[in-house]
Amino acid sequence: MRPLMSRYDPSVIEPRWQAAWEETGAFTARRDPAKPKYYVLEMFPYPSGRIHMGHVRNYTMGDVVARYKAAQGFSVLHPMGWDAFGMPAENAAMERGGHPKDWTYGNIADMKAQMKPLGLSIDWSRELATCDPEYYGQQQAMFIDMMEAGLVYRKAAVVNWDPVDMTVLANEQVIDGKGWRSGAPVERRELTQWFFRISDYSEELLAALDGLTNWPEKVRLMQANWIGKSRGLQFAFETVGAPEGFERLEVYTTRPDTLMGASFAAISPDHPLAKALEADPEVAEFVALCRKGGTSAEEIETAEKIGYDTGIRVKHPLDPTWELPVWIANFILMDYGTGAIFGCPAHDQRDFEFATKYRLPIKAVFVAEGAEDAPLAEAFVPMKSEKVRYIRGFAGAEVQTGDEGVAAAIAHAEARGYGQGVTKYRLRDWGVSRQRYWGCPIPVVHCATCGVVPEKKENLPVELPYDVSFDVPGNPLDRHPTWKHCACPNCGAPARRETDTMDTFVDSSWYFARFTAPRATTPTVPEEAEYWMNVDQYIGGIEHAILHLLYSRFFARAMHRTGHLPAKAIEPFNALFTQGMVTHEIYMTRDDQGRPVYHLPEDVTVFNVADRRIVVRGTEPPPIDMIDDVDAFIRALADEGLLVEVIPSAKMSKSKKNVVDPMNIIASFGADTARWFVMSDSPPERDVEWTSAGAEAAFKHLGRVWALSSRIGEMPEDHKGEGDADLAKATARAIDEVTRSIEGFAFNKAIATLYGFTNTIARANASTPVMKEAIRTLAKLMSPMTPHIAESIWADQGGAGLCAQAPWPKADPALLVDDTVTLPIQINGKRRAEISVPKDMAIAEVEKLALANEDVVRFLAGQPVKKIIVVPGRIINVVV
RNA sequence: GCCCGCGUGGUGGAAUGGUAGACACCGGGGACUUAAAAUCCCCUGGCUGCAAGGCCGUGCCGGUUCGAGUCCGGCCGCGGGCACCA
């Protein structure tokens with residue numbers, strides 16, 4: 001018996017099909033030697049407790065790929081886990097009490113419960129959380145292996161120090177140079193910290209970017225710039241009047257060709273020479289001033305440029321009688337180059353501003369070709385590939401490019417022996433120490449006799465103690481009464497455990513490898529890693545373009561070196577896709593002190609009056625009849641404090657309250673609607689703006705598909721129509737276009753095609769079997785995006801087995817070719833007419849037809865044709 | 001400040017250097033209905049014209065090209081990252 005026509009009710013069908021998939025174990029990943037494997041991974045979430053639309057979009061994209069690849073016959077691995085260590089858990093403990101562990105595992109349970117109804121094809125048996133001792137114990141084992149491989153060391157590095165709370169702050173916790181809780185001005189302070197030697201791999205990480213052809217070009221560019229390879233000159237100034245031991249001052253410059261424009265030398269406030277001079281209270285005061293504020297590059301580089309003339313002078317290497325003053329300047333970074341520079345104000349904007357402020361000379365070294373030496377209003381910084389005329393050059397031709405000038409200057413320095421060409425990288429070693437509780441403990445022990453000793457592997461994991469408190473600032477591990485006291489793994493004497501934990505980027509730098517053997521008692525298992533690695537498709541936010549991805553690339557190399565990954569996995573992500581964000585406009589009012597107050601979308605009402613879009617607080621619009629003066633009406637709303645300011649769309653964030661809860665959408669419309677909407681409209685790499693109208697439209701469309709399927713289900717078996725050939729052709733074309741769109745990550749185009757195909761079926765007059773074939777094909781093509789409704793239609797229309805396990809349809813190539821094409825005819829580049837011609841008509845024939853076209857004749861009005869361009873199958877352009 | 005993107009109708013967007021605006025949302029008109037909702041059909045970049053049509057139009061200015069949303073240079077605006085947010 002045929003099912004009666006029923007309403008589309010996702011709340012009935014979605015749980016039913018989810019249960020069916022679970023019963024058959026449809027998504028459990030299995031090593032199957034008979035099939036090619038495909039590993040698709042979305043960046044795992046931080047367990048905040050609530051999923052948001054960005055998650056829905058991210059996981060739906062991965063799910064579309066996973067379901068599509070499974071249908072193409074691949075053995076698919078599609079796992080999910082939790083990036084579960086990090087500050088928010090400690091912040092929650094401080095603000096609301098409770099324990100980070102309980103908070104985190106509670107959030108994981110909540111979030112998993114919210115993800116399940118999305119119907120994702122995830123192998124949940126491989127679930128892991130980075131805060132599981134099972135996970136971080138293996139991370140500690142690798143840390144020890146990396147220590148033994150010489151990839152780990154300790155050195156002093158600066159941190160944000162809150163002098164009131166006596167604690168280290170994250171950059172995020174420094175607001176306008178002040179601690180977020182204490183409000184005290186933050187200082188930069190040095191601390192001994194643990195580092196990974198990522199800079200040993202600078203050249204390799206840079207060179208290997210070329211091989212990542214399935215990564216977005218912009219990500220590779222950002223990483224290349226981050227690694228920052230530069231060729232320059234390193235040389236030493238001879239100093240005059242410097243303290244003992246500072247007879248020479250090493251500087252590094254990428255523009256040695258501008259040496260004759262030098263007007264000062266400058267050193268970082270953290271330079272050893274600056275430290276040596278700190279005995280002078282004036283210098284100490286200046287350096288202390290420089291250390292105010294946080295450690296972030298943004299803060300340092302946007303700070304006002306200040307300098308202090310030390311009175312020390314250096315001799316110019318090309319003219320020993322020429323002396324330059326040595327300044328301490330806050331914009332010189334100790335981490336880059338030698339922490340000392342020479343300033344050439346004419347050709348560097350920062351130096352220019354500095355020289356202007358402190359009245360230092362500004363002398364041009366080169367001018368634009370054809371220009372004369374003249375006072376500068378700003379630094380002249382042409383591209384190095386551009387030719388310029390050197391007026392104070394000392395090496396190479398008078399007219400040459402900047403690149404040539406630099407090379408000539410290096411050659412000059414090397415020939416005369418005053419300096420040498422060196423290659424430097426901007427990439428710094430990776431500081432992994434965090435003075436916090438909720439992270440992976442660094443598995444080392446400090447012993448009075450043996451020094452710093454790794455913990456024995458059989459003592460791993462070094463587990464976090466549960467009995468900690470967050471009522472005072474600082475590291476709870478450090479003030480725990482017993483935890484840090486232990487025996488030295490080497491000599492057995494009483495010793496002290498390291499209380500620093502690891503940066504959470506370490507956790508996320510190898511989880512993709514752990515998914516291949518998530519329960520193993522070693523970090524990885526060779527056969528599993530060999531079969532499943534690499535990740536074939538990695539999907540995540542562009543915000544991770546640099547750090548997470550670069551650290552993961554380094555870690556994969558380190559894991560290979562320590563025997564935890566095969567050589568083929570040193571670039572762990574074969575293809576990367578960076579999805580855009582889900583955005584929403586922001587609704588804001590201000591409190592009596594003028595501070596912004598944000599409102600959730602569900603707490604405001606949007607309406608239109610006389611083409612003006614107005615947003616007010618509350619769930620009801622105010623009475624709007626009889627409004628003569630819209631401006632007066634808006635003023636009145638503002639006076640009552642009802643008017644809400646609309647700030648343009650931005651990434652959904654809790655602090656701005658511009659968030660839409662996916663659970664509300666699923667409750668109202670079902671998961672398929674949410675999935676369909678986030679995949680439609682916007683290209684996946686771009687931001688998508690969430691609108692309630694868009695979600696309703698998606699729901700309506702699924703309802704139409706449902707109704708269409710019901711109608712076809714009721715057609716008599718022997719119904720004959722005239723449109724069989726047309727519908728078969730449309731079906732083939734839909735298969736072809738959807739397949740190519742999914743392969744190219746153009747999900748929005750796949751969906752546009754499916755809209756069109758649905759309309760075509762609805763209007764078709766074809767025989768019953770052809771209609772059924774079309775609607776079954778529609779279901780299968782929709783199934784990666786909307787798997788539940790697809791299963792229902794598949795079952796109703798006689799599809800075999802589960803739609804989720806059915807093979808992807810193939811288009812009959814014969815049905816994809818058209819015999820005739822329509823060619824637009826342009827005259828001087830403007831479209832004026834069109835003709836329809838057989839597909840393979842000879843160009844000469846096409847030209848003849850085009851020139852004979854009556855519209856063309858009319859437009860030409862007898863003018864002679866200079867040229868005619870025929871792009872076969874594309875366009876005709878007549879030039880007069 | 002530095003690095004990287006993006007900018008197309010009222011809105012989201014489509015367009016291997018080759019017919020700008022596919023597909024959708026909103027809006028308008030109509031059908032059905034006692035009525036409304038739902039559903040279905042049609043129209044919908046701007047200006048102009050009775051119409052056929054014409055002119056303009058992809059943030060702004062300039063360039064390359066038979067032809068530019070697309071390539072190049074300069075600007076403006078918005079967003080991401082900047083090493084302890086994840």
Side-chain angles (χ1 to χ4, degrees), chain A residues 43-46 48 83 85-88 159-160 168-174 193 198 216-219 221-226 228 294-303 305 331 335 349-350 353 426-436 503-505 507-508 541-548 550-551 578 580-581 583 611 613 648-651 680-683 685-689 691 693-694 696-698 700-701 703-704 707 746 748-749 751-756 759 762 822-826 828-834 866-869 871 873-880:
Chain A
M43 291 180 185
F44 66 164
Y46 180 81
S48 63
D83 190 12
F85 275 136
M87 288 202 309
V159 293
N160 298 306
V168 177
L169 299 179
N171 285 336
E172 184 189 54
Q173 297 170 317
V174 179
Q193 312 222 59
I198 188 173
E217 186 57 39
K218 63 177 170 182
V219 174
L221 235 186
M222 280 192 263
Q223 292 215 352
N225 288 335
W226 186 260
T295 59
S296 71
E298 187 186 358
E299 203 170 330
I300 291 167
E301 288 181 41
T302 52
K305 290 166 193 59
F331 60 93
D335 292 311
Q349 190 57 30
R350 278 193 309 196
E353 285 163 26
R426 205 184 70 102
L427 180 64
R428 308 197 301 251
D429 277 334
W430 176 9
V432 296
S433 283
R434 297 293 180 270
Q435 294 71 41
R436 277 188 263 283
D503 179 7
T504 56
F505 272 124
D507 312 336
S508 56
I542 184 67
E543 65 271 24
H544 295 293
I546 298 177
L547 292 178
H548 162 62
L550 192 62
Y551 289 151
T578 54
M581 300 174 303
T583 64
D611 288 340
R613 189 162 176 270
S649 266
K651 177 178 179 169
S680 65
D681 283 355
S682 287
E685 67 276 15
R686 257 203 259 177
D687 294 350
V688 64
E689 168 140 6
T691 60
E696 280 163 29
K700 280 187 199 172
H701 176 73
R704 276 194 292 272
N748 56 323
K749 283 193 261 174
I751 285 184
T753 300
L754 290 168
Y755 270 111
N759 292 338
T822 303
L823 293 179
I825 303 174
Q826 296 182 332
N828 286 340
K830 275 182 186 277
R831 184 188 167 279
R832 295 298 181 186
E834 62 179 38
K866 277 193 203 145
K867 196 172 168 186
I868 178 160
I869 293 149
V871 183
R874 273 294 181 186
I875 203 163
I876 301 158
N877 194 7
V878 182
V879 186
V880 292

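Numbered from 1 within each chain, the chains take letters A, B, ... in sequence-line order. Computed from a predicted structure; not experimentally measured.
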Take the protein atom [atom1] of [X] and the nucleotide atom [atom2] of [N], then report the distance between them rounded to whole Å.
X       : N      : atom1 : atom2 : result
D429(A) : A83(B) : CG    : P     : 16 Å
H544(A) : G80(B) : NE2   : P     : 13 Å
R686(A) : U11(B) : CZ    : C1'   : 14 Å
N225(A) : G81(B) : CG    : P     : 17 Å
I868(A) : C66(B) : CD1   : C1'   : 11 Å
E696(A) : C25(B) : CD    : P     : 11 Å
E543(A) : G5(B)  : CD    : C1'   : 13 Å
N759(A) : A22(B) : CG    : C1'   : 13 Å

Would you give the length of the straight line joining atom [atom1] of [X] to atom [atom2] of [Y], rounded to the nearest 0.5 angstrom?
X       : Y       : atom1 : atom2 : result
N748(A) : T753(A) : CG    : OG1   : 9.5 Å
E299(A) : N160(A) : CD    : CG    : 7.5 Å
Q193(A) : D503(A) : CD    : CG    : 10.5 Å
L550(A) : Q223(A) : CG    : CD    : 4.5 Å

With a 4.0 Å cut-off on heavy atoms, is [X] in touch with a base, just the backbone sugar-phosphate, or nothing at all?
X       : value
L427(A) : base
A545(A) : nothing
W430(A) : nothing
F331(A) : nothing
N748(A) : sugar-phosphate
G703(A) : nothing
V879(A) : sugar-phosphate
R350(A) : nothing
V174(A) : nothing
D83(A)  : sugar-phosphate
H701(A) : nothing
L221(A) : sugar-phosphate
V168(A) : base
S433(A) : base

Kindly point out which of [options] is positioned nearest to the side chain of [X]?
X       : options                : answer
E298(A) : C55(B), C84(B), C82(B) : C82(B)
K749(A) : G81(B), A14(B), A24(B) : A14(B)
I869(A) : C66(B), C85(B), C2(B)  : C66(B)
S296(A) : C66(B), A83(B), C84(B) : A83(B)

Which label fits H701(A) and Y755(A): parallel for a plane angle under 30°, tilted from 30 to 60°, or perpendicular past 60°?
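Taking Y755(A) first and then H701(A), their aromatic rings sit tilted (interplane angle of 30° to 60°).
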Looking at [X] and [N], is any side-chain donor or acceptor paired with a base atom of the opposite kind under 3.5 Å?
X       : N      : answer
Q435(A) : C84(B) : yes
E172(A) : C84(B) : no
E217(A) : C4(B)  : no

Using a 3.5 Å distance criterion without hydrogens, assess whether the side chain of D83(A) forms a donor-acceptor pair with backbone atoms of P45(A).
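Checking the backbone N and O of P45(A) against the side chain of D83(A), no donor-acceptor pair under 3.5 Å is found.
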Would the distance check show the side chain of R426(A) and the main-chain N or O of W226(A) forming a donor-acceptor pair, the cut-off being under 3.5 Å?
yes
Is there a Watson-Crick or G-U wobble partner for [N] with both distances under 3.5 Å, and which nucleotide is it?
N      : result
C84(B) : none
G12(B) : C23(B)
G62(B) : C72(B)
G49(B) : none
C78(B) : G5(B)

Rounding to an integer number of angstrom, what distance separates [N] and [M] when you compare their [atom1] atoms?
N      : M      : atom1 : result
G62(B) : U70(B) : P     : 14 Å
C23(B) : C43(B) : P     : 11 Å
G81(B) : U44(B) : C1'   : 41 Å
G54(B) : G21(B) : P     : 15 Å
U58(B) : U11(B) : C1'   : 16 Å
A20(B) : G69(B) : P     : 9 Å
G17(B) : G27(B) : P     : 37 Å
G57(B) : A37(B) : C1'   : 40 Å

Taking for each residue the nucleotide of RNA chain B bearing the nearest heavy atom, is the 5' side occupied by G756(A) or by R426(A)?
G756(A)
Which residue lies toward the 5' end of RNA chain B, R428(A) or T504(A), if each is placed at its nearest nucleotide?
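Result: R428(A).
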Less than 4.5 Å apart, side chain to side chain, heavy atoms only: is that true for I825(A) and R832(A)?
no
N or O in side chain of R831(A) less than 4.0 angstrom from C66(B) OP1/OP2:
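Checking C66(B) against R831(A), no side-chain N or O comes under 4.0 Å of OP1 or OP2.
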For C56(B), does either OP1 or OP2 sit under 4.0 Å from a side-chain N or O belonging to K830(A)?
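Yes, because at least one side-chain N or O of K830(A) sits under 4.0 Å from OP1 or OP2 of C56(B).
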Verdict with supporting geometry, I868(A) and N877(A), side chain to side chain contact (heavy atoms under 4.5 Å, CB included):
CA-CA 6 Å; I868(A) 178 160; N877(A) 194 7; over 6 Å; no
Syn or anti: how is G9(B) classified when any glycosidic angle within 90° of 0 counts as syn?
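What G9(B) shows is a syn base, its glycosidic angle lying within 90° of 0.
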